Peer 1: 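The structure that follows is given in the form of structure tokens.
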Amino acid sequence: MRRLLVTGGAGFIGANFIHYVMAHTDFQVTVLDKLTYAGHESSLKGLPPDRLTFVHGDICDEVLVDALVAGVDAVVHYAAESHNDNSLAAPLPFLQTNIVGSYVLLEAVRKHGKRFHHISTDEVYGDLALDEPLRFTEHTPYNPSSPYSSTKAGSDLLVRAWVRSFGVEATISNCSNNYGPFQHVEKFIPRQITNIIDGIRPKLYGSGENVRDWIHADDHSAAVLLILQRGVPGETYLIGADGERNNKDVIEAILVGMGRPADAYDHVTDRPGHDLRYAIDSSKLRTELGWTPSKADFAAGLAETIHWYRDNEDWWREQKAATEAKYAAAGEQLAGAASRQGR
Ligand code: NAD
Ligand code: DAU
């Protein structure tokens, strides 16, 4: 398996995966990316041009997808609308890309008999209480909360159906919250880092008690490559690095890491339907495939990420004003939804 089609390779995790694959294999990679507001071809700058082909296009384009899938050995499917807040403001693109786009890819790998790996999220399992020891496993029932996570759950179920009904050789991985370079500034960690650089106070939704299970994007990439090479078709693998932290602790760590007082942030209106806690039990991946995270030191990874955003303002500057304008415009609508829910 040497020729990969990577969908969404100009996005955050897809780009990190391609950097990882270029450094650790001799694979040829074709990227298919629509370059939505979240896609940046510059994230792939400097990679060897003889091993990388970039195709600007939509995963919903059946003719294009068919032709590209015919020419590779395997497809790694990252492309998605990925941001919960956007899915609350405008859900339709999430249905189109995450469900219809995944269907188009599945039909193409079915027709051409190609290996498929589907990138998914721990959010398909809903959330956990703050004070229970439970973590998600491959057997946790699906219970998604947001338009985003429900479309990711829908795409996972399509993959399972194409495995069972049509014998497609597919694996699925559900990963926890990633952080690292090339993450869009709409997301929690880069939003706060770039706010601080711009002299804006970081924004914490609600009380900040919500817990996310942080993993460095490189550890996610290593796990995906391993599943692609040694995973069992038809199986699902959960990916997580035991990185549970509440949002308040993370925002304080960012502030202190950037030389500001730990309390120099604002509480803002909570996200409607905000999931309380995610936590991954990745025993299956560790015991069956021998994966271990190599960047599980969150403090070190966060310091490196702060450094990256300080050093790469050229990469994020253009996104920043548009992102904050989108948050400002959505603010009233989200606040309205939250108050209707009695929050
Ligand atoms: P992202 O928003 O940074 O990137 C998404 C990429 O997909 C962009 O380059 C965009 O241009 C492209 N894209 C969107 N619609 C497309 C379409 N119709 N056709 C072709 N390309 C299209 O997302 P991300 O954070 O890198 O997430 C990538 C994948 O990983 C998603 O499937 C997401 O559900 C999953 N995931 C993300 C996380 C996380 O913490 N960010 C965790 C677990 C799983
Ligand atoms: O768990 C995996 C998921 O992680 C992925 O499937 C999603 O694609 C990815 O976006 C991420 O979802 P979250 O909703 O957890 O990520 P986000 O960065 O939007 O928010 C992380 C937490 O921080 C969440 O509890 C909301 C909170 N938050 C977010 C923003 C943008 C704030 O408190 N303030 C903010 O400004």
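Counting begins at 1 with the first residue of the sequence. Computed from a predicted model, the values in this text were never measured in an experiment. In listed order, ligands and their atoms are each counted from 1.
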Peer 1: Can you sort out which atoms of ligand 2 are near L204, meaning under 4.0 Å from one of its heavy atoms?
Peer 2: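 Per the distance check, 33 (O).
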Peer 1: Could you tell me whether some N/O pair between H40 and ligand 1 is separated by less than 3.5 angstrom?
Peer 2: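 No, since none of the N or O atoms of H40 sits under 3.5 Å from an N or O of ligand 1.
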Peer 1: Would you find more than 12 non-hydrogen atoms of other residues, nucleotides or ligands less than 6.0 Å from R230 atom CZ?
Peer 2: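 Counting neighbours around CZ of R230, 12 or fewer heavy atoms of other residues, nucleotides or ligands fall under 6.0 Å, so no.
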Peer 1: What I want to know is whether S120 and ligand 1 share at least one N or O pair that is separated by under 3.5 angstrom.
Peer 2: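 Between S120 and ligand 1 (N or O atoms, distance only) the closest approach is not under 3.5 Å.
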Peer 1: Does H307 have more than 12 heavy atoms from other residues, nucleotides or ligands lying within 6.0 Å of its NE2?
Peer 2: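 For H307, atom NE2 is not crowded (no more than 12 foreign heavy atoms under 6.0 Å).
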Peer 1: Less than 4.0 Å is my threshold; does some heavy atom of H184 fall inside it relative to ligand 1?
Peer 2: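 The answer is no, since H184 has no heavy atom less than 4.0 Å from ligand 1.
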Peer 1: Does a donor on one side chain and an acceptor on the other come within less than 3.5 Å for S102 and H118?
Peer 2: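 On atom types as modelled, these side chains do not qualify, holding no pair under 3.5 Å.
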Peer 1: Check if S176 has a non-hydrogen atom at a distance under 4.0 Å from any atom of ligand 1.
Peer 2: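 Per 4.0 Å heavy-atom rule, S176 contacts ligand 1.
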Peer 1: Heavy atom under 4.0 Å from ligand 1: found in K152's side chain, backbone, both, or neither?
Peer 2: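 Contact part for K152 vs ligand 1: side chain (C-beta onward).
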Peer 1: Test your reading of the structure: does D33 have an N or O sitting under 3.5 Å from an N or O of ligand 1?
Peer 2: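 Yes, since at least one N or O of D33 sits under 3.5 Å from an N or O of ligand 1.
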Peer 1: If you take the nearest heavy atom of each of Y265, F188, Y278, which one is closest to atom 20 (O) of ligand 2?
Peer 2: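 Among Y265, F188, Y278, the closest heavy atom to atom 20 (O) of ligand 2 belongs to F188.
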Peer 1: Does some non-hydrogen atom of P93 fall short of 4.0 Å from ligand 1?
Peer 2: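 No; P93 lies far enough from ligand 1 that no heavy-atom distance drops under 4.0 Å.
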Peer 1: Under a 4.0 Å heavy-atom limit, does F94 contact ligand 1 with its side chain, its backbone, both, or neither?
Peer 2: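 F94 to ligand 1: no contact under 4.0 Å from either part.
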Peer 1: How far is atom 34 (N) of ligand 2 from the closest protein heavy atom, and which atom is that?
Peer 2: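 Scanning the protein heavy atoms, the shortest distance from atom 34 (N) of ligand 2 goes to K203 O, 2.8 Å.
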Peer 1: Considering A38, A80, G8, which one's heavy-atom position lies nearest to atom 5 (C) of ligand 1?
Peer 2: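 Ranked by closest heavy atom to atom 5 (C) of ligand 1, first place is A80.
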Peer 1: Looking only at N/O atoms, are N178 and ligand 1 under 3.5 Å apart anywhere?
Peer 2: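 Such a contact does occur with ligand 1.
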Peer 1: How does R191 reach ligand 2, if at all, at less than 4.0 Å between non-hydrogen atoms: by side chain, backbone, both, or neither?
Peer 2: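 Within the 4.0 Å criterion, R191 contacts ligand 2 through side-chain atoms alone.
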Peer 1: In terms of ring plane angle, is the pair H24 and Y20 parallel, tilted or perpendicular, where the classes change at 30° and 60°?
Peer 2: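 Correct class here is parallel.
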Peer 1: Contact between Y37 and ligand 1, counting heavy atoms under 4.0 Å?
Peer 2: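 No; Y37 lies far enough from ligand 1 that no heavy-atom distance drops under 4.0 Å.
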Peer 1: Would one find an N or O of S82, backbone or side chain, under 3.5 Å from an N or O of ligand 1?
Peer 2: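 Yes, at least one N or O pair falls under 3.5 Å.
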Peer 1: Pairs of nitrogen or oxygen atoms closer than 3.5 Å, one from K187 and one from ligand 2: do any exist?
Peer 2: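 By distance alone, the answer is no.
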Peer 1: Please tell me whether S82 and K187 have a donor and an acceptor in their side chains that are separated by less than 3.5 angstrom.
Peer 2: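 Their side chains do contain a donor-acceptor pair, which is all the 3.5 Å distance test asks for.
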Peer 1: Would I13 count as being in polar contact with ligand 1, using the rule that some N or O on each side must be under 3.5 angstrom apart?
Peer 2: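 By distance alone, the answer is yes.
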Peer 1: Could you tell me which atoms of ligand 2, counted from 1 in the order shown, lie closer than 4.0 angstrom to a heavy atom of D122?
Peer 2: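 Heavy-atom distances to D122 below 4.0 Å select 1 (O), 2 (C).
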Peer 1: Identify, by atom number and element, the atoms of ligand 2 in contact range of H83, meaning under 4.0 Å from any of its heavy atoms.
Peer 2: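 Numbered from 1, ligand 2 contributes 19 (O).
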Peer 1: May I ask you to check whether N247 has an N/O atom sitting below 3.5 Å from an N/O atom of ligand 2?
Peer 2: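 There is such a contact, yes.
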Peer 1: Do the ring planes of F182 and H19 sit parallel (below 30°), tilted (30 to 60°) or perpendicular (above 60°)?
Peer 2: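 Rings of F182 and H19: parallel, as their planes differ by under 30°.
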Peer 1: Does the N or O separation between T36 and ligand 1 drop below 3.5 Å for any pair?
Peer 2: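 N/O-N/O distance under 3.5 Å: yes.
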Peer 1: What atoms in ligand 2 come closer than 4.0 Å to a heavy atom of Y327?
Peer 2: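 It comes down to these atoms of ligand 2: 31 (C).
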Peer 1: Side chain or backbone, does R212 bring an N or O within less than 3.5 Å of an N or O on ligand 2?
Peer 2: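 There is such a contact, yes.
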Peer 1: May I ask which of G14, A10, A79, S149 has a heavy atom nearer to atom 13 (N) of ligand 1 than the others do?
Peer 2: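 Of the listed residues, A79 has the closest heavy atom.
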Peer 1: Which of the atoms of ligand 2 are close to H274, meaning less than 4.0 Å from one of its heavy atoms?
Peer 2: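 Within the 4.0 Å cut-off of H274, ligand 2 contributes 24 (C), 25 (O), 26 (C).
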Peer 1: Can a donor-acceptor pair be found between the side chains of T25 and R2 at a distance below 3.5 Å?
Peer 2: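 Absent: no donor and acceptor within the cut-off.
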Peer 1: C60 to ligand 1: N or O pair under 3.5 Å?
Peer 2: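 So ligand 1 has no N or O lying under 3.5 Å from an N or O of C60.
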Peer 1: Using non-hydrogen atoms of the residue, decide whether G57 is closer than 4.0 angstrom to ligand 1.
Peer 2: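 Checking ligand 1 against G57, which is what was asked, there is a heavy-atom contact under 4.0 Å.
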Peer 1: Judged by non-hydrogen atoms, does T7 sit under 4.0 Å from ligand 1?
Peer 2: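 Per 4.0 Å heavy-atom rule, T7 does not contact ligand 1.
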Peer 1: Side chains of Y37 and E186 only: does a donor on one sit below 3.5 Å from an acceptor on the other?
Peer 2: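 Yes, E186 and Y37 have a side-chain donor paired with an acceptor closer than 3.5 Å.
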Peer 1: Considering only non-hydrogen protein atoms, determine which one is nearest to atom 12 (O) of ligand 2 and report residue, atom name and distance to 0.1 Å.
Peer 2: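 Here the nearest protein heavy atom works out to E123 OE2, 2.9 Å.
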Peer 1: Return yes when atom CD of E318 has more than 12 non-hydrogen atoms of other residues, nucleotides or ligands closer than 6.0 Å, and no otherwise.
Peer 2: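 No.
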Peer 1: Does the plane of the ring in F136 sit parallel, tilted or perpendicular to the ring in Y278? Use 30° and 60° as the thresholds.
Peer 2: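 Answer is tilted, since the angle falls between 30° and 60°.
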Peer 1: Looking at atom 31 (C) of ligand 1, what's its closest protein heavy atom, distance included?
Peer 2: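 Looking only at protein heavy atoms, the one closest to atom 31 (C) of ligand 1 is Y78 O, 3.2 Å.
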Peer 1: Among all protein heavy atoms, pick out the one at the shortest distance from atom 8 (O) of ligand 2; state its residue, atom name and that distance to 0.1 Å.
Peer 2: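 I find the closest protein heavy atom is S82 O, 2.8 Å.
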Peer 1: For a quick check under 3.5 Å, do N210 and D270 share a side-chain donor-acceptor pair by atom type?
Peer 2: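 There is no such pair (donor and acceptor under 3.5 Å, judged by atom type) between the side chains of N210 and D270.
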Peer 1: T121 heavy atoms, cut-off 4.0 Å: which ligand 2 atoms fall inside?
Peer 2: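 In order of number, 1 (O), 2 (C), 3 (C), 5 (C), 6 (O).
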Peer 1: May I ask you to list the atoms of ligand 1 that are less than 4.0 angstrom from any heavy atom of G39?
Peer 2: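 So the atoms of ligand 1 that pass are 8 (C), 9 (O), 11 (O).
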Peer 1: Verify whether one side chain among T121 and K152 offers a donor that lies under 3.5 Å from an acceptor in the other.
Peer 2: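 K152 and T121 do not have a side-chain donor-acceptor pair below 3.5 Å.
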Peer 1: Under 4.0 Å from any heavy atom of Q192, which atoms of ligand 2 are there?
Peer 2: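 Those of ligand 2 that fall under 4.0 Å from Q192 are 34 (N), 35 (C), 36 (O).
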Peer 1: Can you find a heavy atom in the side chain of T323 that is under 4.5 Å from one in the side chain of H184?
Peer 2: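 A side-chain contact exists here, since the closest heavy-atom pair is under 4.5 Å.
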Peer 1: So if I count the atoms of ligand 2 from 1 in the order they appear, which ones are less than 4.0 Å from some heavy atom of Y148?
Peer 2: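 The list of qualifying atoms is 5 (C), 6 (O), 7 (C), 8 (O).
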Peer 1: Please identify which atoms of ligand 1 are closer than 4.0 Å to at least one heavy atom of L35.
Peer 2: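 Matching atoms, with element in brackets: 11 (O).
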Peer 1: For atom 19 (O) of ligand 2, what is the closest protein heavy atom, and at what distance to 0.1 Å?
Peer 2: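 Answer, as residue, atom name and distance: R271 NH2, 2.8 Å.
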